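Worksheet: one structure, shown below.
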Amino acid sequence: MNKTFMLQRMWVWFRQWGRGSLVIDSTFRVLMVGALLAALFAMGSMAFIRDQETKRLMAHVDALLSTVESSVSVACFTGDATLAGDISRGLLTNKLVAGVRISAGKAVLTDRLREGTIKDERFVVTRPIPSPFGAGDMVGEVTLVADGEFIRAQAMSYSQISAIFLVMELLAVSIAVALVMLHTVVRPIREFSRRVHDVDINASKVDAYVIPPEGNEKNEIGRLAADFNIMIGNVRDLLAAEHAMQEEIATRERRFRTLVENSPDIIARYDRDFRRVFVNPAYAHETGTPIERALQRPVEDDTIWRPHMSCEEYQARLRHVMLTGKPDHVLLEWHRDDGRLVSHEMYIVAEYDGNGQVEGTLAIGRDMTERLAVERLLQRQASYDALTGLLNRRMFGERLREEIAHAERTGTAIGVLFIDLDRFKEVNDTLGHEVGDLLLVDAARRLTHCVRESDIVARLGGDEFIVVVPNAVEAKHLARIAGEIIQRMEQPFHVDGNTCYISASIGITCFPEDATQQETLLSCADQAMYAAKEQGRNGFSFFTREMQTQSQNRLHLANDLREALANNQLQVWFQPIAEVATGEVVKAEALLRWVHPDRGMVSPAQFVPIAEENGCIHDIGNWVFQRSALMAKQWSDLFPSVGGDAPSISVNLSPRQFTRGDFSDHWAAYINEIGLQTESIVVEITEGLLLSDASDILGKLENLRAAGMQVALDDFGTGYSAMAYLKKFPIDYLKIDRSFVRDIDADANDRAIAEAIVAMAHKLGIKVVAEGVETEAQRDILASVGCEYLQGYLYAKPMPEDEFLAYVSHRAAPRVKVASL
Ligand SMILES: Nc1nc2c(ncn2[C@@H]2O[C@@H]3COP(=O)(O)O[C@H]4[C@@H](O)[C@H](n5cnc6c(=O)[nH]c(N)nc65)O[C@@H]4COP(=O)(O)O[C@H]3[C@H]2O)c(=O)[nH]1
């Protein structure tokens with residue numbers, strides 16, 4: 001058992017060893033085949049040779065029988081048993097013969113069988129014996145029993161020897177074949193194998209090819225080498241292509257890496273479990289997370305997304321992209337370490353593996369911080385007033401629309417307060433826009449303190465504000481808010497080192513009582529505000545239907561005013577101004593009149609503000625000046641004989657026209673053109689002008705003075721009464737407002753004010769004109785405090801040009817001829 005196992009092991013080892021060597025394997029196979037064939041042939045030939053040998057020996061026995069046939073014939077013929085015995089003994093000496101039987105007829109002459117012989121009929125030869133005398137008579141019969149054992153042994157021995165030779169021959173042939181194969185096939189193949197083995201496919205072309213072993217160039221090995229070389233060529237080409245491809249891939253990868261690593265966009269790749277498997281440096285920089293910390297971390301670990309979008313939401317978006325394969329845009333925002341909010345728009349796409357399965361997502365984020373900041377700023381600018389931070393007109397419109405819709409649904413009321421700052425224009429014009437802006441900011445702040453959080457506060461532009469009070473159930477609630485606003489606005493504004501006083505006029509309207517449409521609602525509030533202004537400012541008015549009518553009137557007036565100048569509907573009237581010292585009329589104020597074709601006389605107090613609003617004031621102002629200059633010219637032609645001050649005409653100059661400032665050159669040119677004496681024109685300005693950009697105002701006033709005009713400060717005492725400014729500017733006259741004159745005989749304060757104004761003006765070398773003098777008592781008091789000139793109904797009301805000329809002509813020397821204008 002062990003032996004068999006050992007043999008099996010050896011056989012296996014041998015086979016394995018043999019497979020490693022073609023020489024051994026092929027030799028072994030040839031020998032095995034040879035041995036097998038030898039065995040087969042040997043087996044086949046042994047039976048054949050044994051048979052042939054048996055036959056040959058039996059033939060030999062037969063031949064032996066022939067040699068004794070004549071002797072046996074004699075013995076049989078004669079019946080000679082002795083002879084027959086001798087013959088048989090002689091035959092039995094031959095090893096082949098084991099038994100002899102000779103019979104003559106029925107008589108057996110001899111019958112001998114070697115002892116121990118087993119008679120086998122195959123080895124028995126019987127032959128009839130003919131008569132020695134011929135004639136075809138048979139005299140007996142002889143039977144030879146061949147020695148079967150001997151013959152078999154002989155045949156076996158012979159066949160074995162033959163088989164051994166055959167096997168040896170075959171083995172020899174096999175060995176020869178193996179040797180020949182070894183020499184002609186195996187060796188060249190082994191050499192070929194060695195050469196193939198030595199081939200360096202990357203070497204130069206010569207070394208990269210296999211040369212067939214000598215003498216084998218044309219046989220199968222040669223063809224194999226040729227095929228192999230073709231294959232090497234193909235492989236070399238493939239390798240070269242592969243190499244080029246690798247190079248290309250490496251180059252591309254390098255470029256992509258450069259691109260990705262230097263990309264300002266953040267790039268992150270997530271696997272199916274939302275773990276980051278790649279991030280670029282921009283990601284690390286923007287998120288403040290080092291790359292190694294960011295990798296392999298799931299999105300849930302992040303806290304950076306929180307401000308704008310939760311991780312769960314972000315993860316849900318990533319999942320959706322993976323499930324649907326549809327790209328998505330996500331805005332992510334987070335605070336950096338320095339606290340700055342950064343915004344990135346992430347473009348998320350699904351990534352697939354070679355089998356088309358989604359293996360994760362790629363997120364590329366572009367920094368939108370600045371753009372969003374600008375957008376938000378623009379949005380804010382589009383919605384909020386840049387100066388005050390309140391809602392602007394546009395946004396207010398939207399909010400009001402929403403409130404109206406809500407009120408309609410819920411059946412509630414809305415209160416709208418239209419707030420206009422009184423005399424803000426003066427602050428702006430006098431102290432400059434910067435101060436005006438600061439005042440507006442403070443006013444906005446005060447406004448927001450007067451209302452609830454839920455109320456809407458907006459700036460419509462300039463000094464106009466709006467407050468919307470939703471759920472305004474009672475008018476008194478709105479009145480209380482308006483009262484508080486007014487009260488707060490009355491408080492002095494301390495702005496940039498200046499103390500300014502303004503007030504607020506407020507118009508109040510209600511939805512749905514007064515109007516249900518947004519525009520109409522605002523228009524009603526505006527009209528109510530206008531009414532509040534007309535009622536003396538610093539107050540509020542609720543909208544009434546009459547206001548609507550008035551407002552429409554104003555609108556019609558504004559339209560008609562555009563045509564008024566061209567249609568000769570405007571006139572300049574003159575109101576005399578008397579000199580206290582002489583009682584003579586030496587000055588007059590030009591006062592504009594509009595004789596409306598339908599309405600009759602319209603007051604300048606009514607239409608001058610409209611003309612200022614729509615810009616007509618420039619043409620109208622120039623026209624008034626020219627008419628006044630002509631009147632002054634004519635009057636001065638009358639006066640030299642009268643004596644005293646030269647006559648002059650005061651012309652009201654609208655602050656709007658003064659600020660534009662292109663009038664003075666024209667006016668100066670016109671004075672020259674008509675040859676008017678110097679100081680015949682007094683330009684009346686309002687005191688608020690002096691507080692504005694000093695150099696500009698000063699320059700303009702000096703221009704007027706240089707052109708021979710004088711300057712009067714109108715309505716003095718009603719505005720800022722900034723005495724300090726009087727020193728700085730070239731003012732010739734102060735005009736005490738008629739509000740101080742009205743009660744001067746009854747109100748000691750008014751008298752004291754008038755007295756103080758006169759005293760101060762005189763100290764500055766300025767003469768004083770008192771307006772609105774209607775009574776002699778007023779005249780006397782004003783005269784007593786030192787007022788130089790008086791203007792009022794006591795002397796004369798404003799009158800048309802011809803009447804005025806007649807008036808002054810009458811008072812002047814009768815010899816002076818009055819020329820027509
Ligand atoms: N109750 C009373 N009133 C008296 C008396 N004496 C004069 N008045 C009125 O007082 C106003 C004086 O003009 P103002 O203060 O410059 O006030 C003027 C002036 O500011 C403006 N205005 C008039 N004409 C012009 C003009 O041509 N250009 C500009 N820019 N404004 C003008 O319109 C305002 C009103 O002008 P008017 O209605 O003409 O009113 C005039 C005049 O008729 C009096 O004794 N009692």
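Since this is a predicted model, take the numbers as computed values, not measurements. Whatever order the structure lists ligands and atoms in, that order sets their numbers, starting from 1.
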Is the Lys NZ or Arg CZ of R446 less than 6.0 Å from the centre of F493's six-membered ring, within 45° of the axis? yes
Looking at Y501, is R423 sitting on its ring face, NZ or CZ under 6.0 Å from the six-membered ring centre and within 45 degrees of the normal? no
Establish, for the pair K767 and Y789, whether the NZ or CZ atom is under 6.0 angstrom from the six-membered ring centre and no further than 45 degrees off its axis. no
If the condition is side-chain hydrogen bond (donor to acceptor under 3.5 Å, both in side chains), which residues does Q535 pass it with, not counting sequence neighbours? S541
Can you pull the residues with any heavy atom under 4.0 Å from ligand 1? Q575, E589, L591, L592, R593, S603, P604, V624, N652, S654, D714, D715, R738, E771, G772, V773, E774, G792, Y793, P798
Are F658 and F663 an aromatic pair, judged by ring center distance below 6.0 Å? yes
Measuring from I736:CD1 to I744:CD1, what's the distance to the nearest 0.5 Å? 6.5 Å
